[in-house]
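Structure first, then comments.
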Amino acid sequence: MTDAEATTARAEAPPGLLIVGLGLIGGSLAAGLRASGFGGRITACDPDAGELRRGLDMGLIDAGSTRLAELAPAADVIVLAVPVLAMEGLLAELDALNPGLKGQAVTDVGSTKATVRDAARRVFGRVPPTLVLGHPIAGSEKSGVAAADPELYAGHNVLLTPEADTDAEALARVRALWQACGARVLEMDVERHDAVLAQTSHLPHLLAFSLVDTLARQDARLDIFRYAAGGFRDFTRIAGSDPVMWRDIFTANRDAVLASLDDFEAGLARLRAAVEAGDGDAMLAAFGRASHARRYFESLLNKTSYQTEYAMQSQSQVTYRVRPGGSARGRVRVPGDKSISHRSIMLGALAEGVTTVTGFLEGEDSLATLQAFREMGVAIEGPSQGRVVIHGVGLHGLKAPSGPIYVGNSGTAMRLFAGLLAGQSFTSELAGDDSLTKRPMNRVAEPLRAMGALIDTAEGGRPPLTIHGGTPLAGLYYDMPVASAQVKSCLLLAGLYAEGETRVREPAPTRDHTERMLGGFGYPVARDGDTCWLEGGRRLTASPIDVPADISSAAFFMVAAAITPGSDLTLEHVGINPTRTGVINVLKLMGADLELIDEREVGGEPVAEVRVRYAPLTGIDIPAEQVALAIDEFPALFIAAANAAGTTRLRGAAELRVKESDRLAAMADGFATIGVEHSLHDDDGIDIVGRGGAEGPSYGGGRIDSLGDHRIAMAFAVAALRAGEEVVIDNCGNVATSFPNFTELARRIGMGLEVQGPETESHHEP
């Protein structure tokens, strides 16, 4: 047996457990372990013999004593569930019984960690390797072992703060103990723990105690409490907690609590001034930030684990199981265009006046952009059923955010924000999730630096980006090496703040939503052939925006109808901007029966109903001029190619290698699984040999890893319409961030799609 295997085996063996302090926290730990089938011996030490008797009567412990020396030497794991100010004396007593805590894993439940760590250093001269400081984020206003709850820790976080030299076996034993109670065990450093808890736990308790104490001393206190509404009761419930415990916590974590209190008092003073002055926009900005921050971050926290101070990483995996066959019939409207939703918030915030947006995409990426502008002082109402009202602050009205701007999985937001923030007077940081952190950002950082911006990136030009404010920008002429709407838009947004003219030449046409929307806000953008430009220093004027349905999302249903015999599907109010219609052009070249109905212009953007009926498809060589126009839709188009007669060839699509996944490789791997003949071409293309015209299925089924790429997931879900066996797609969680109702619409048109795991789905532009 290796050392690692021996460590694991010892960690999994039921230890002899001693709980010092058999109150609610210690008693609930014992109760949770008993309920989980914990096979070790549980003992308890407490100065109150009555508590020990109750613990024995309840079957929570096997033995108890008021004297630590009678139980500690035989324990493998010791949990210190006593007030933080009592820790030092208790650690000294344990050191006298077992110097250095050798061979014993010891942990605590204290709400502050620096105090316990410093006490350990005074007692032992260091933090012993087997001392694993911890803190369960759970509790109750009740106290005593009689209130012990076996479910108290189920689904709650337990934060461990190990040192660099913490013993691996001790850490594993402590982790296993809490996990047996159903807790999520996370790790962070001591200082960060104390700062976070001061903000999220200690400060709210302090405010609740203060509010109840203030009101309880009023003459009308009986009426105040008699007629208090639910919100008052919910908030002040925590003021019923143990006063002695909280006195000790506030004493132990004084500096962090005071820092949090200073921040709160500053915010309260700003809000008081707004109320006093009748400043409705300032009040709305504060209330909107609070309301939507809570909803946005709660939605993330409900399905995530702690990663850093601003970002979370998904724990739950979503799997699609799609039955072979099905239909594609009816009328559906897919969600609003994410690219336009992003820009509507950005330009509405920078405009002068009030902008009303309808059809706004309420996906995670767009909501992250919306929340970022709230953090920068913009008052925003909504979203409510796709309607958002933005109270613009003008080009120079943004304020420094209190921390990093978190854009989740959205490369669009990060790249566009980089240009916009380069012209601000304050320094800012742009951060994203793990997937986004792997994507290249030098393509915007380098031209922005050429304009005079000071930008720091992580290794390899990747996020996070730190953009230093206050540096003057100068216009430039930039000849883009690769066609990218994100890079073009980034530079045009920076050009709003630059001295002189900013010109961007694109090697192939890309979507022009930024240019169109700038014009709609009264900011002139000129174009001559493949080059567009603007002059810095003008103003944006508020304008209403109606967001059309996203053609990138509609593309999956266009392909579904195009490949499925008997189909007849109409997609409503689809944006048909000529820089986005590559998918329509390619499908028509392949022979799709596709028509545009009721073409019209809404808010500067062309829209139409798109009707698709089944017709046999033929493989083609995809024209070079269509590649940039369909770059995001190729995963869907590859499925059309797999159902066409003959070979479809794509070249010049190297951009697909650096999307949310390497989409050429991901689609090729999926094709290998389901049996579609194909071959990759260097770094920029693929040949797909379709079986169109054959009776029955075009290919088989199998299990596919989407690599967390929403477009790969949706493409292979559509592929199941012509599969001979079930198609199972793993890692589909990112679909919801851009297409929240994809599965609902897929079922509505007749696809047999089932979901395993919570749905949480994403979407991006080039």
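Because the structure is predicted, anything quoted here is derived from the model rather than measured. Heavy atoms only: backbone and side chains are in, while hydrogens, waters and symmetry mates are out. FYI, the numbering just counts along the sequence from 1.
Residue-environment remark: CZ (Arg254) stays at or below the threshold of 12 foreign heavy atoms within 6.0 Å.
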Would you be so kind as to tabulate the donor-acceptor pairs closer than 3.5 Å made by side chains of residues 387-395, with sequence neighbours excluded?
| from | atom 1 | to | atom 2 | distance (Å) |
| --- | --- | --- | --- | --- |
| His391 | ND1 | Asp281 | OD1 | 3.3 |
| His391 | NE2 | Glu381 | OE2 | 2.8 |

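Among Thr251, Leu206, Ile249, the one residue that satisfies the side chain to side chain contact (heavy atoms under 4.5 Å, CB included) test with Val257 is Leu206.
When every heavy atom of Asp167 is checked against every heavy atom of Ala170, the shortest pair comes out as OD2-N, 2.8 Å. Closest heavy-atom contact between Ala81 and Gly21: CB-O, 3.5 Å. A pairwise comparison of heavy atoms in Pro383 and Leu370 identifies CD-CD1, 4.0 Å as the closest pair. Scanning all heavy atoms of the two residues, the minimum distance from Gly100 to Pro128 falls at O-CB, 3.7 Å. Smallest separation of non-hydrogen atoms from Ala413 and His342: CB-CE1, 3.9 Å. Shortest non-hydrogen contact noted between Gly382 and Arg374 is O-NH2, 2.6 Å.
Remark: Arg343 CZ to Thr412 OG1 distance equals 6.5 Å, nearest 0.5 Å. Annotation: the span from His193 atom NE2 to Thr112 atom OG1 amounts to 8.0 Å, rounded to 0.5 Å. For the atom pair CG of Leu68 and CD1 of Ile78, the computed distance is 7.0 Å after rounding to the nearest 0.5 Å. Leu29 contributes atom CG, which lies 10.0 Å from atom CG of Leu152 (distance to the nearest 0.5 angstrom). Atom CZ in Arg173 sits 11.5 Å away from atom OG1 in Thr130 (nearest 0.5 Å). We find the CD1-CG distance between Ile467 and Leu421 to be 5.0 Å, quoted to the nearest 0.5 Å.
Panel note: side chain Glu187, backbone Pro162; no donor-acceptor pair is recorded below 3.5 Å. Here the side chain of Arg121 pairs no donor or acceptor atom with the backbone of Val127 at under 3.5 angstrom. Here the side chain of Asp248 pairs no donor or acceptor atom with the backbone of Leu85 at under 3.5 angstrom. Side-chain atoms of Thr161 do not come within 3.5 Å of backbone N or O of Asp189 as any donor-acceptor pair.
Contact check for Met376 versus Ser428: no side-chain heavy atoms found under the 4.5 Å cut-off. At least one side-chain heavy atom of Leu159 sits less than 4.5 Å from a side-chain heavy atom of Leu197. With a 4.5 Å cut-off on side-chain heavy atoms, Thr369 and Ser341 do not count as touching. Contact of the Met188 side chain with the Val196 side chain is registered, since non-hydrogen atoms from C-beta on lie closer than 4.5 Å. Within the 4.5 Å cutoff, side-chain heavy atoms of Glu375 are placed close to those of Ser402. Leu350 is listed as a side-chain neighbour of Tyr497, based on a closest heavy-atom distance under 4.5 Å. The closest side-chain heavy-atom distance from Ser366 to Ile345 is not below 4.5 Å. Taking 4.5 Å as the limit, every side-chain heavy atom of Leu465 sits out of range of all side-chain heavy atoms of Phe417.
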| Intermediate values then yes/no, side-chain contact (heavy atoms from CB on, under 4.5 Å), Leu420 and Phe373 | CA-CA 12 Å; Leu420 185 155; Phe373 279 97; 3.8 Å; yes
| message | Val158 vs Val174, test: side-chain contact (heavy atoms from CB on, under 4.5 Å). Steps then yes/no. | response | CA-CA 10 Å; Val158 173; Val174 173; over 6 Å; no
| task | Evaluate side-chain contact (heavy atoms from CB on, under 4.5 Å) for Met441 paired with Leu436, printing each intermediate quantity in order. | result | CA-CA 10 Å; Met441 292 296 150; Leu436 186 59; 4.0 Å; yes
| query | What's the verdict on side-chain contact (heavy atoms from CB on, under 4.5 Å) for Leu160 and Thr166, showing C-alpha distance, side-chain angles and the deciding distance? | reply | CA-CA 11 Å; Leu160 303 182; Thr166 294; over 6 Å; no
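The closest side-chain donor-acceptor pair between His202 and Asp194, if any, does not fall under 3.5 angstrom.
In summary, Asp108 and Lys113 engage in a salt bridge, as defined by a charged side-chain N under 4.0 Å from a carboxylate O.
In this view, Arg247 satisfies the side-chain hydrogen bond (donor to acceptor under 3.5 Å, both in side chains) rule with no residue, not counting sequence neighbours.
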